[in-house]
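Only one structure is covered here, and it is reproduced in the block below.
The analysis underlying the following values was restricted to heavy atoms, covering all of them including side chains, and did not include hydrogens, waters or symmetry mates. Please read these numbers as outputs of a predicted model, since none were measured by experiment. Labels below follow one simple rule: chain letters A, B, ... track the order of the sequence lines, proteins then strands, and each chain is numbered from 1.
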There are 2 protein chains.
Amino acid sequence: MSDAGLTLGLEEDPLLLDRQICFPLYAATNLLGRLYGPVLGKLNLTYPQYLVMLVLWEQQPQTIGALGARLYLDSGTLTPLLKRMEGAGLLSRARDQNDERRVVVTLTKRGKTLRNQALHVPETMANGYNAEGVDALRESVRDLVSILAQHSTRSRGSKTA
Amino acid sequence: MSDAGLTLGLEEDPLLLDRQICFPLYAATNLLGRLYGPVLGKLNLTYPQYLVMLVLWEQQPQTIGALGARLYLDSGTLTPLLKRMEGAGLLSRARDQNDERRVVVTLTKRGKTLRNQALHVPETMANGYNAEGVDALRESVRDLVSILAQHSTRSRGSKTA
DNA sequence: CGATAATGTCTTGCGTGCAATCTAATTGCC
DNA sequence: GGCAATTAGATTGCACGCAAGACATTATCG
């Protein structure tokens with residue numbers, strides 16, 4: 001109450017939780033992480049670690065910077081994460097000889113073979129869901145990501161809309 | 001290699017990052033949080049704290065359990081978060097006299113008036129984006145959330161009604 | 001060639017998220 | 001009433017995620 005704003009009749013409260021696009025994304029991400037947890041736990045992986053493995057299984061070796069570009073994460077997140085994975089024997093980290101600033105991440109044999117156990121993960125997670133509409137949803141969210149990434153301070157500073 | 005099942009010819013590698021629905025959601029959530037950060041920082045709010053305020057501005061007071069049901073979070077997350085917000089003078093926490101197990105969260109005057117400064121946040125965040133398709137996307141993700149919530153072990157679905 | 005800027009990673013500090021465990025209060029059941 | 005089961009929060013321990021700063025290496029420019 002005591003809203004001193006101008007009410008145009010069609011104006012809706014912009015602060016209603018159900019009007020935010022950000023909240024369903026936030027909730028879905030948390031819920032998904034919770035569902036992935038037990039499944040990935042059997043592989044001794046966390047959800048972000050699983051994503052790193054997905055990238056490395058596609059292409060390998062890669063620098064930390066390249067991993068971050070793909071996953072939209074920076075070294076502040078990746079460095080300790082990769083160290084834990086190195087400790088788990090999944091990968092090794094070494095300075096690039098051609099450019100000592102870079103750190104190259106390489107899968108160990110153990111990291112490569114883990115892929116076999118991970119093959120059933122997508123199927124397990126999708127269990128019971130009809131993929132109807134999922135493809136379209138994935139594309140929509142992906143479009144959103146590409147838009148958001150352009151506005152990210154980490155990539156560029158252009159504020160021109 | 002790896003003949004993992006019946007190949008219908010259209011079988012693709014299920015572990016490709018771009019085939020996962022979870023990853024765009026994860027990336028979008030991270031990117032959004034990064035974009036909200038500076039805007040909410042002017043209100044001395046983090047993004048999850050902002051969501052709590054959205055819920056409380058809609059209805060107030062509320063128990064911690066009710067907040068968690070709305071935001072899909074549990075007390076392990078909410079208790080320290082709410083304590084910080086209490087320390088910031090935005091709300092107060094008190095045991096329910098009728099049921100001493102519950103903790104009732106009530107906005108302070110400061111918490112209520114903060115709403116005026118928050119009114120421009122959605123508009124600021126949406127700056128430059130055409131809302132075209134956003135409504136549909138929000139509904140799609142919301143459907144996904146409701147499906148995921150049913151499968152959640154924690155589903156504190158105290159469906160009072 | 002040397003100063004300087006840019007780049008890539010590491011480190012620090014803080015705030016989430018979540019599983020697991022704990023405690024206190026209430027409910028159920030007899 | 002008495003006591004086990006349930007419920008609501010709090011606590012603990014761990015792993016992100018990010019901003020900001022530190023650091024070493026490389027590129028750039030005079």
Side-chain angles (χ1 to χ4, degrees), chain A residues 26-41 44-52 62-69 71-88 93-105 152-155 157, chain B residues 26-38 40-41 44-52 62-69 71-88 93-105 152-158 160:
Chain A
Y26 169 85
T29 298
N30 286 344
L31 289 167
L32 268 174
R34 227 173 288 171
L35 290 175
Y36 270 90
V39 177
L40 295 176
N44 287 314
L45 286 177
T46 66
Y47 178 64
Q49 288 172 9
Y50 174 65
L51 294 179
V52 168
Q62 288 207 45
T63 67
I64 293 184
L67 283 173
L71 297 173
Y72 303 100
L73 295 172
D74 69 352
S75 70
T77 298
L78 283 176
T79 294
L81 189 153
L82 292 171
K83 281 186 176 177
R84 281 186 286 271
M85 296 177 75
E86 185 179 36
R93 305 177 320 124
R95 290 282 168 180
D96 185 339
Q97 292 303 330
N98 297 333
D99 187 341
E100 292 275 350
R101 291 171 301 182
R102 303 189 197 189
V103 170
V104 176
V105 176
S152 176
T153 343
R154 291 250 192 239
S155 42
Chain B
Y26 169 85
T29 298
N30 285 345
L31 289 167
L32 268 175
R34 227 173 287 169
L35 289 175
Y36 270 90
L40 295 176
N44 287 313
L45 285 177
T46 66
Y47 178 63
Q49 290 172 8
Y50 174 65
L51 294 180
V52 168
Q62 288 207 44
T63 66
I64 292 184
L67 284 171
L71 297 173
Y72 304 98
L73 296 172
D74 70 352
S75 71
T77 298
L78 283 176
T79 294
L81 191 155
L82 292 171
K83 281 185 176 177
R84 278 180 223 107
M85 296 177 74
E86 185 179 35
R93 304 178 320 123
R95 289 283 169 180
D96 185 339
Q97 290 303 330
N98 298 332
D99 187 341
E100 292 275 350
R101 291 172 303 183
R102 303 190 194 186
V103 169
V104 176
V105 177
S152 177
T153 356
R154 293 231 174 207
S155 71
R156 16 179 96 266
S158 61
T160 316

Whole-Å gap separating C1' (dC10(C)) and CG (Leu82(A)) = 12 Å
Sorted by position of nearest nucleotide on DNA chain C, 5' first, the leading residue of Thr63(A) and Gly33(A) is Thr63(A)
Have a look at Gly65(A) and say if it touches a base, only the backbone sugar-phosphate, or nothing, with a 4.0 Å heavy-atom cut-off.
-> sugar-phosphate
Within this structure, what is the CD-to-C1' distance between Glu86(B) and dG9(D), rounded to whole angstrom?
-> 14 Å
Atom pair distance, as rounded to whole Å: CZ in Arg95(A) and P in dT7(C) = 17 Å
Nearest 0.5 Å, what's the CG-CG distance between Leu73(A) and Asn30(B)?
-> 6.0 Å
Of all heavy-atom pairs linking Ser75(A) and Pro80(A), the shortest is O-CD, 3.9 Å
With the criterion being N/O to N/O and under 3.5 Å, what pairs connect the protein with nucleotides 26-28 of chain D, and how long is each?
residue : atom : partner   : partner atom : Å
dT26(D) : OP1  : Glu100(A) : N            : 3.0

For Asp99(A), check side-chain contact (heavy atoms from CB on, under 4.5 Å) against everything at least two apart and list the hits.
-> Arg101(A), Arg102(A)
For Leu73(A), which contact category applies under a 4.0 Å heavy-atom criterion: base, sugar-phosphate, or nothing?
-> sugar-phosphate
Shortest non-hydrogen separation from Leu78(B) to Ile64(B) and the atoms involved = CD1-O, 3.8 Å
Nucleotide of dA19(D), dT9(C), dA10(D) approaching Arg93(B) most closely (side-chain heavy atoms) | dA10(D)
On DNA chain C, more 5' by nearest nucleotide between Gly76(B) and Val103(A) is Val103(A)
For Tyr72(A) and dC18(D), give me the distance from atom OH to atom C1', rounded to whole Å.
-> 17 Å
Among all residues two or more places apart in sequence or in another chain, which pass the ring-ring contact (aromatic ring centres under 6.0 Å, His included) test with Tyr47(B)?
-> Tyr26(A), Tyr36(B)
Is the distance from OP1 or OP2 of dC10(C) to the nearest side-chain N or O of Ser75(A) less than 4.0 Å?
-> no
Identify the heavy atoms of Leu45(A) and Tyr50(A) that sit nearest to each other, and give their distance.
-> CD1-CA, 4.2 Å
Would you tabulate the pairs of protein nitrogen or oxygen atoms and nucleotide nitrogen or oxygen atoms of nucleotides 14-16 of chain D closer than 3.5 angstrom?
residue : atom : partner  : partner atom : Å
dC16(D) : OP1  : Thr46(A) : OG1          : 2.7
dC16(D) : OP2  : Gln49(A) : NE2          : 2.8
dC16(D) : OP2  : Arg84(A) : NE           : 2.8
dC16(D) : OP2  : Arg84(A) : NH2          : 3.2
dC16(D) : O5'  : Arg84(A) : NH2          : 2.9

Compare every heavy atom of Gln62(B) with every heavy atom of Leu67(B), then report the nearest pair and how far apart it is.
-> N-OE1, 4.1 Å
To the nearest angstrom, how far is Asp74(A) atom CG from dA20(D) atom P?
-> 12 Å
Within this structure, what is the CD1-to-P distance between Ile64(A) and dT11(C), rounded to whole angstrom?
-> 10 Å
Nearest whole angstrom, please: distance from the P of dC18(D) to the CG of Leu71(A).
-> 11 Å
For dT9(C), does OP1 or OP2 lie under 4.0 Å from any side-chain N or O of Lys83(A)?
-> no
Note: Leu81(B) and Gln49(B) closest approach over all heavy atoms is CD2-CG, 3.8 Å
Separation of atom CZ in Arg102(B) from atom P in dT27(C), rounded to whole Å | 9 Å
Would you please name every residue forming a side-chain hydrogen bond (donor to acceptor under 3.5 Å, both in side chains) with Glu86(A), sequence neighbours left out?
-> Arg93(A)
By side-chain contact (heavy atoms from CB on, under 4.5 Å), Val104(B) pairs with (sequence neighbours left out) Pro61(B), Thr63(B), Asp96(B), Thr106(B)
